[in-house]
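Working notes, beginning with the structure itself.
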Amino acid sequence: SIQEETEHHEKEDQSISGEELQEDEKLRDQDGIEPRAFLEAEYDCRCQVCENQIVFDSGKKWISVYHIQGKKDGAWFYDRPFNILGLCPNCYTMAKYSGHRDFSKILEEAQKVLEGETFAESVDGLSGDYYLIDVVLDNRKQQMKMSKVHMSYFAALVELDEASEE
């Protein structure tokens, strides 16, 4: 029932110290970032796939934040840079709802970065050097662009995973 589900989530929303949170508090990742601000800084709110940039009449820019692992999946790292992508509304919708997406090459590329087997390339539309990664959106092969800073977070995740396996 809805009531049981609410009680279950209230129990989950306790701080690490075991203290119950106030009714209006939520458990937050202390090391999380403001995703939209990160993506604006790295990509000037351009889509990482199609490079589209939405700029309103007011001058405000828009980018949709796609979370690779959703909150419902229990992702404690929900707002960490290695869990977010900046997509235009069209690419976001294809990634979120088409059911035919594959971002697995991001971690493969991160591994190559660690091994010194790949390097960022110049991308004219984004005015800088980016890693070019093959991804699948709505069953179509696309090329994602990832900044050096953004890739460094994915590489650190791969490195951490390797260290934990040893």
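None of these values were measured; they are calculated from a predicted model. The first residue in the sequence is number 1, and the count goes up from there.
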What is the minimum heavy-atom distance between Gly86 and Gln48, and which atoms define it?
N-OE1, 2.6 Å

Taking Leu132 as the starting point, is it possible to reach Val136 by hopping between hydrophobic residues whose side chains are less than 4.5 Å apart?
no

Keeping to residues at least two apart or across chains, list the salt bridge (charged side-chain N to carboxylate O under 4.0 Å, His left out) pairs with something in residues 106-123.
Lys105-Glu108

Hydrophobic clustering (ILVMFWY, side-chain heavy atoms < 4.5 Å, transitive) - are Val49 and Val55 grouped together?
no

Ring centroid separation for Phe77 and Tyr153, is it under 6.0 angstrom?
no

Is there side-chain contact between Ile133 and Met151, with heavy atoms separated by less than 4.5 Å?
yes

Less than 4.5 Å apart, side chain to side chain, heavy atoms only: is that true for Tyr78 and Gln69?
no

Any chance you could measure Arg46, atom CZ, to Glu40, atom CD, to the nearest 0.5 Å?
12.5 Å

Is the shortest heavy-atom distance from the side chain of Phe103 to the side chain of Leu85 under 4.5 Å?
yes

What I'd like to find out is whether the side chain of His67 reaches to under 4.5 Å of the side chain of Asp79, using heavy atoms alone.
yes

In terms of hydrophobic clustering (I, L, V, M, F, W, Y; side-chain heavy atoms under 4.5 Å; direct or indirect links), are Val65 and Ile106 co-clustered?
yes

Give the table of side-chain donor-acceptor pairs shorter than 3.5 Å for residues 88-99, with sequence neighbours excluded, one pair per line with atom names and distance.
{"unit_1": "Thr93", "atom_1": "OG1", "unit_2": "Pro89", "atom_2": "O", "d": "2.8"}
{"unit_1": "Ser98", "atom_1": "OG", "unit_2": "Met94", "atom_2": "O", "d": "2.7"}
{"unit_1": "Ser98", "atom_1": "OG", "unit_2": "His100", "atom_2": "N", "d": "3.2"}
{"unit_1": "Ser98", "atom_1": "OG", "unit_2": "Asp138", "atom_2": "N", "d": "3.4"}

Measure from the side-chain N and O atoms of Gln53 to the backbone N and O of Cys45, and report whether any donor-acceptor pair falls under 3.5 Å.
no

What about Leu160 and Leu114, same hydrophobic cluster or not, with Ile/Leu/Val/Met/Phe/Trp/Tyr joined at side-chain heavy-atom distances under 4.5 Å?
no

When you measure from the side chain of Asn52 to the backbone of Cys47, do you find a donor-acceptor pair of N or O atoms at a distance under 3.5 Å?
no

Nearest 0.5 Å, what's the CG-OH distance between Leu87 and Tyr66?
8.5 Å

Residues joined to Trp62 in its hydrophobic cluster, side chain to side chain under 4.5 Å directly or through other members, sorted by chain and number, are Ile54, Phe56

Hey, are the side chains of Val135 and Arg101 touching, using non-hydrogen atoms and a 4.5 Å cut-off?
no

Where is the tightest heavy-atom contact between Tyr131 and Val113, given as atom of each residue plus distance?
CE2-CG2, 3.5 Å

Can you tell which of Lys145, Glu51, His150 makes a side chain to side chain donor-acceptor pair (under 3.5 Å) with Tyr43?
His150

Side-chain donor/acceptor of Asp102 to backbone N/O of Ser104, under 3.5 Å
yes

In terms of heavy-atom contacts, Ile84 and Phe154 come closest through O-CZ, 4.4 Å

Working to the nearest 0.5 Å, report the span between CG of Asn83 and CG of Leu157.
9.0 Å

Distance col, row Ile33:CD1 vs Leu39:CG, nearest 0.5 angstrom, shows 6.5 Å

